[in-house]
K.L.:
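Here's a structure for you.
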Amino acid sequence: MTVSEHIYLLTLGLPLATVLIVFGMKYWSAAHKARAEAASAEAYRALAAKAAAAQAENAAALAAMQATLANMNGRLAEVETMLKEVG
């Protein structure tokens with residue numbers, strides 16, 4: 001092969017290689033974006049599960065506090081009644 005034939009093949013090969021590189025980069029970018037979105041969705045699911053668990057725990061604590069407060073209100077009413085009877 002002569003130098004002119006090498007140059008001819010190079011001029012044919014470089015645009016083809018450029019096109020293949022561009023499409024390869026586009027495919028890689030799309031795959032990377034899909035993996036990132038999947039990871040983000042999984043992190044969101046985990047966060048939502050933690051939030052639901054915390055909300056249930058807070059509701060249970062609130063119910064316990066309300067029961068304790070009702071008990072204290074009953075005792076306070078008894079003490080007031082006793083003080084009125086004595087006084």
K.L.:
Show me, pair by pair, the donor-acceptor contacts under 3.5 angstrom made by side chains of residues 55-74, not counting sequence neighbours?
P.N.:
from  : atom 1 : to    : atom 2 : distance (Å)
Asn58 : ND2    : Ala54 : O      : 3.4
Thr68 : OG1    : Ala64 : O      : 3.0

K.L.:
For residues 58-87, which residue pairs pass the ring pair (Phe, Tyr, Trp, His ring centres under 6.0 Å) check, not counting sequence neighbours?
P.N.:
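Every candidate ring pair (Phe, Tyr, Trp, His ring centres under 6.0 Å) pair involving residues 58-87 fails, so no pair, neighbours aside, qualifies.
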
K.L.:
Check which hydrophobic residues are tied to Val3 through side-chain heavy-atom contacts below 4.5 Å, counting indirect links as well, and list them.
P.N.:
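So far as hydrophobic clustering goes, Val3 is joined with Ile7.
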
K.L.:
For residues 12-36, which side-chain N or O atoms pair as donor and acceptor with protein atoms under 3.5 Å away, sequence neighbours left out?
P.N.:
from  : atom 1 : to    : atom 2 : distance (Å)
Thr18 : OG1    : Leu14 : O      : 2.8

K.L.:
Which residues pass the salt bridge (charged side-chain N to carboxylate O under 4.0 Å, His left out) test with Arg45, sequence neighbours left out?
P.N.:
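In terms of salt bridge (charged side-chain N to carboxylate O under 4.0 Å, His left out), with neighbours along the sequence ignored, Arg45 is linked to Glu42.
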
K.L.:
Which residues end up grouped with Val86 if you chain together Ile, Leu, Val, Met, Phe, Trp and Tyr wherever their side-chain heavy atoms are less than 4.5 Å apart?
P.N.:
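Once heavy-atom contacts under 4.5 Å are chained together, Val86 still belongs with nothing else.
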
K.L.:
Suppose we screen for side chain to side chain contact (heavy atoms under 4.5 Å, CB included). Which residues come up paired with Thr2, at least two apart in sequence or across chains?
P.N.:
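Side chain to side chain contact (heavy atoms under 4.5 Å, CB included) check on Thr2 returns Ser4, Glu5.
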
K.L.:
Through direct or indirect side-chain contacts below 4.5 angstrom among Ile, Leu, Val, Met, Phe, Trp and Tyr, which residues connect to Leu83?
P.N.:
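Reading the cluster by chain and number, Leu83 sits alongside Val79.
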
K.L.:
Can you name the salt bridge (charged side-chain N to carboxylate O under 4.0 Å, His left out) partners of Glu85, sequence neighbours left out?
P.N.:
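Expected list: none.
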
